[in-house]
Amino acid sequence: MYPGITISDIARHEDQEVTLAGWLYNMRSSKTLHFLQLRDGSGIIQCVVYKPEAAEEVWNLCSGLTQESAIRVTGKVRKEPRSSIGYEIAVSKVELVHQAVDYPITPKEHGVAFLMENRHLWLRSRRQHIILRVRAAIIKAIRDYFDNNGFTLVDCPILTPNACEGTTTLFETDYFGEPAYLSQSGQLYNEATAMAFGKTYCFGPTFRAEKSKTRRHLMEFWMVEPEVAWMDLDGDMDLAEDFLVYVVGRVLEKHEKELAELERDVSFLKNVKKPFPRISYTDAVKQLQSLGSDIQWGSDFGGDDETILTRQYDRPIMVHRYPAAVKAFYMKKDPSNPDLALCVDVLAPEGYGEIVGGGQREDNYGVLEASIQHHGLPLEAFKWFLDLRRYGSVPHAGFGLGVERTVAWICGLQHVRETIPFPRMLEKIWP
RNA sequence: UCCGCGGUAGCUCAGUCGGCAGAGCAGGUGGCUGUUAACCACCCUGUCGGGGGUUCGAUUCCCUCCCGCGGAGCCA
């Protein structure tokens, strides 16, 4: 058995008798008519049972159907101008495969807590369905961009022996009696693969055990991380800009209708064109202060600062050269001012904030070794990483893009929890 | 971890200045020849988050715990 004709494909079967397999999304009835809304994962179509023309057992079976019961419906595909998809099914036969009892998500309003408890069922709802399809399209566009531009996919390990950056809290697991940690970034391993392949990217889940409880945080999230040998910070910004323009353009090109169904105002997305404003951290701080923020040079932006700053622009902005003191140990210092790191964050507009973080890496053995020690990290754990600076060290750079934040931004969502099928949130790991 | 808001029917919520708990939806029954979160009528539904306290009486006031939501910090 293999699924046959799908609803998305129904236009090619006009005036033919077809059998569709799916679930009953909703039903409305009157004395002589049943309107079955059939959902098959590819779409929803209305199936009409007209009593005077229907077999008695078909009519009676439909009278007892419940929301989300599994059925096979046979009937003729006919053009119907009143239908939102232009077609409906004139039913001749219905087979009940499984009767659902008391499906909890009714076609009415529900609260987020209830829906998250029923996330395994919520995925069947129209809005969630659209969001996850757009997510899939975004991921496809990301892969296509790198695959078509000379990058090799070289994935990084998820189980790691030590903290990559030594800054954030990691999930610890037991690795045959030794502690191991779930990766929070493929960054360090990516530097090794870039020295082997030139242009690489990794794409997978990453884990942060931080007690973050905001609309922008998940404990488990997906990140794509390109890394390029012989690339400096300016090249890194060129790449991030070109990449984001491509991804947003691809989604708009193929999924604008879905975004409209999510009531996304796509005008901001249509502004995602080169060039993105490139603002130094120092200038951004001055700009924020003139806008009323009490931020001081040297501290990282707060959520409000990011929102205030991004609202000044009509497209993503790239803020570069943050104070080295607030950045990771592997960031290369700006030769013209060693208090600054050669790094960049891309901030999405409309208050969505940081979706990309990256920069140029320290390629000098002695400087990197000192930085590891300065950050209080164990040198022996980074021996292999230092090796990359002993054997043909070259300038290199890269960045990481958070998939869920990108999906939230493109879809215009309030919270990242709807951008992944089963979000892992603070102290909430069910379903 | 901290700050704020909340927990009342299966769901979304109202309400009780301390005195028999109430709407809509869902579910059930009946009605309606084209519905689009269909509509109309009737019926059914409660540990008012848990524990303790004050009180003649607590769902309501107080304390405490649990859970949820929003935000901060940190980050993608």
Side-chain angles (χ1 to χ4, degrees), chain A residues 25-37 44-54 63-64 66-67 80-85 88 90 101-118 121-122 125-127 164-165 167-170 183-187 204-225 240 299-307 322 326-328 344-348 352-358 399-409 414-417 419-420 425-428 430:
Chain A
Y25 193 68
N26 196 5
M27 180 167 80
R28 286 175 281 274
S29 298
S30 64
K31 190 178 185 182
T32 56
L33 284 163
H34 286 310
F35 298 102
L36 314 182
Q37 309 296 328
I44 294 173
I45 194 167
Q46 176 159 281
C47 308
V48 182
V49 185
Y50 184 42
K51 194 171 184 183
E53 294 172 2
S63 300
T66 52
Q67 191 188 358
E80 172 51 67
R82 285 170 289 192
S83 161
S84 60
I85 62 169
E88 65 180 23
V101 179
D102 294 336
Y103 186 71
I105 303 178
T106 59
K108 277 284 171 182
E109 278 182 43
H110 299 284
V112 172
F114 176 78
L115 291 168
M116 285 306 317
E117 280 296 301
N118 290 283
L121 304 175
W122 191 19
S125 300
R126 197 161 177 73
R127 180 182 166 79
C164 277
E165 304 178 18
T167 51
T168 50
T169 320
L170 299 168
S183 175
Q184 58 169 329
S185 165
Q187 161 61 33
T206 48
F207 307 87
R208 309 252 167 116
E210 283 159 4
K211 303 242 173 187
S212 299
K213 188 185 168 122
T214 78
R215 69 183 68 190
R216 301 210 269 257
H217 284 90
L218 295 172
M219 304 301 108
E220 175 181 320
F221 64 96
W222 285 66
M223 188 155 67
V224 60
E225 295 174 275
S299 62
D300 221 335
F301 298 136
D304 287 347
D305 292 321
E306 275 188 7
T307 302
Y322 284 67
V326 300
K327 289 294 177 180
V344 60
D345 283 355
V346 179
L347 308 181
Y352 278 94
E354 185 178 353
I355 53 171
V356 164
F399 62 80
L401 171 111
V403 169
E404 287 74 19
R405 284 186 184 179
T406 304
V407 175
W409 166 50
Q414 286 300 306
H415 201 296
V416 291
R417 66 187 156 210
T419 65
I420 186 167
M425 297 187 293
L426 185 61
E427 290 166 17
K428 186 186 173 308
W430 199 90

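Here is how names work: the chains are called A, B, and so on, in the same order as the sequence lines, proteins then strands, and each is numbered from 1. Predicted, not measured: the structure shown is a model, and the values here were computed from it.
Remark: the R405(A) side chain and the C75(B) base include a donor-acceptor N/O pair separated by less than 3.5 Å. The base of C74(B) is paired with the side chain of S212(A) by a donor and an acceptor separated by under 3.5 Å. On a pure distance criterion of 3.5 Å, no polar donor-acceptor pair joins the side chain of Q37(A) and the base of U36(B). Judged by distance alone with a 3.5 Å cut-off, no donor-acceptor contact links the side chain of Q67(A) to the base of G27(B). Residue-to-nucleotide contacts include a donor-acceptor pair under 3.5 Å from the side chain of H217(A) to the base of C75(B).
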| said: Between K51(A) and L33(A), is the side-chain contact (heavy atoms from CB on, under 4.5 Å) condition met? List the steps. | reply: CA-CA 6 Å; K51(A) 194 171 184 183; L33(A) 284 163; over 6 Å; no
| task | Step by step, work out the side-chain contact (heavy atoms from CB on, under 4.5 Å) result for R417(A) and V112(A). | result | CA-CA 10 Å; R417(A) 66 187 156 210; V112(A) 172; 3.3 Å; yes
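In this structure, H415(A) reaches the sugar-phosphate backbone alone: every heavy-atom distance under 4.0 Å involves primed, P, OP1 or OP2 atoms, never a base. Base contact: L218(A) has a heavy atom under 4.0 Å from a base atom. Residue contacts shown for G353(A) are absent, as no nucleic acid heavy atom lies under 4.0 Å away. Heavy atoms of S29(A) sit under 4.0 angstrom from at least one base atom. In this structure, V416(A) reaches neither bases nor backbone, as no heavy-atom distance under 4.0 Å exists between it and the strands shown. Contacts of E88(A) with the nucleic acid, taken as non-hydrogen atoms under 4.0 Å apart, include base atoms.
U35(B) and C11(B): their C1' atoms are spaced 24 Å apart (whole Å). Using atom P as the reference point in both U60(B) and G15(B), the two lie 16 Å apart (nearest Å). Here the separation of C62(B) from C3(B), taken at their C1' atoms, is 22 Å to the nearest Å. On the C1' atoms, G68(B) is 26 Å away from G27(B), given to the nearest whole Å. Rounded to a whole angstrom, the distance from the C1' atom of C48(B) to that of U12(B) is 16 Å. Annotation: G50(B) and A41(B) have their C1' atoms spaced 41 Å apart (nearest Å). Atom C1' of C43(B) sits at a distance of 29 Å from the matching atom of G7(B), rounded to the whole Å. Here the separation of C66(B) from G51(B), taken at their P atoms, is 15 Å to the nearest Å.
Computed from coordinates, the Y322(A) OH to C75(B) C1' distance equals 12 Å when rounded to whole Å. Rounded to an integer number of Å, the gap from D345(A) CG to C74(B) P is 13 Å. For the pair D305(A) CG and G73(B) C1', the computed distance is 13 Å after rounding to whole Å. When the C1' atom of G7(B) is taken as reference, atom CZ of F114(A) falls 15 Å away, rounded to whole Å. One atom, NZ of K213(A), and another, P of G71(B), lie 10 Å apart when rounded to the nearest Å. Distance E306(A) CD to C74(B) P: 11 Å, rounded to the nearest Å. Counting to the nearest Å, the C1' atom of A72(B) and the CG atom of D300(A) are 14 Å from each other. Put simply, CG on L36(A) is 16 Å from P on G34(B), counting in whole angstrom units.
Using a 4.5 Å heavy-atom threshold, the side chains of Y50(A) and T32(A) count as touching. For the pair V403(A) and M223(A), the minimum side-chain heavy-atom distance is 4.5 Å or more. Side-chain contact between E80(A) and Q46(A) is absent, with no heavy-atom pair separated by less than 4.5 Å. Residues F35(A) and V48(A) meet the side-chain proximity criterion, which asks for heavy atoms closer than 4.5 Å. Under the 4.5 Å side-chain criterion, counting only non-hydrogen atoms from C-beta, D300(A) is in contact with Y322(A).
A distance-only check finds no donor-acceptor pair linking the side chain of S183(A) to the backbone of T206(A) [under 3.5 Å]. Judged by distance alone, the side chain of R405(A) and the main-chain N or O of V416(A) form no donor-acceptor pair under 3.5 Å.
Contact annotation: R417(A) reaches the phosphate of G70(B) (side-chain N/O to OP1 or OP2, under 4.0 Å).
Set against U35(B), G73(B), C74(B), the side chain of E210(A) has C74(B) as its closest nucleotide. Residue N26(A) places its side chain closer to A37(B) than to any other of A37(B), A76(B), G34(B). Counting only heavy atoms from C-beta on, R82(A) has its side chain closest to G34(B) among G34(B), U1(B), C75(B). Relative to the side chain of D304(A), the nucleotides A72(B), C32(B), C75(B) differ in distance, and A72(B) lies closest. When distances are taken from the side chain of F221(A) to each of A76(B), C32(B), C74(B), the shortest belongs to A76(B). For T106(A), taking side-chain heavy atoms from C-beta onward, the closest of the listed nucleotides G73(B), A26(B), C75(B) is A26(B). Comparing U36(B), A72(B), U33(B) against the side chain of Q46(A) picks out U36(B) as the nearest. Listed nucleotides A72(B), G34(B), C75(B) differ in distance to L33(A); the shortest reach to its side chain belongs to G34(B).
Take the nearest nucleotide of RNA chain B for R215(A) and for H110(A): the residue whose nucleotide is more 5' is H110(A). With RNA chain B read from its 5' end, the first of the two nearest nucleotides for V48(A) and V112(A) is the one closest to V48(A).
A distance of 8.0 Å separates CH2 of W222(A) from CD1 of I420(A), quoted to the nearest 0.5 Å.
Side-chain contact check for T106(A) and Q67(A): no donor-acceptor pair (N or O, by modelled atom type) lies under 3.5 Å.
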| remark: Pairs under 3.5 Å (Watson-Crick or G-U), crossing ones as [ ], inter-strand ones as |: RNA chain B comes out as (((((((..((((.....[..)))).(((((.......))))).....(((((..]....))))))))))))....
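With its glycosidic angle more than 90° from 0, C67(B) is assigned anti.
Stacking of the aromatic ring of F35(A) onto the base of G34(B) is not found under the criterion of centres within 5.5 Å and planes under 30°.
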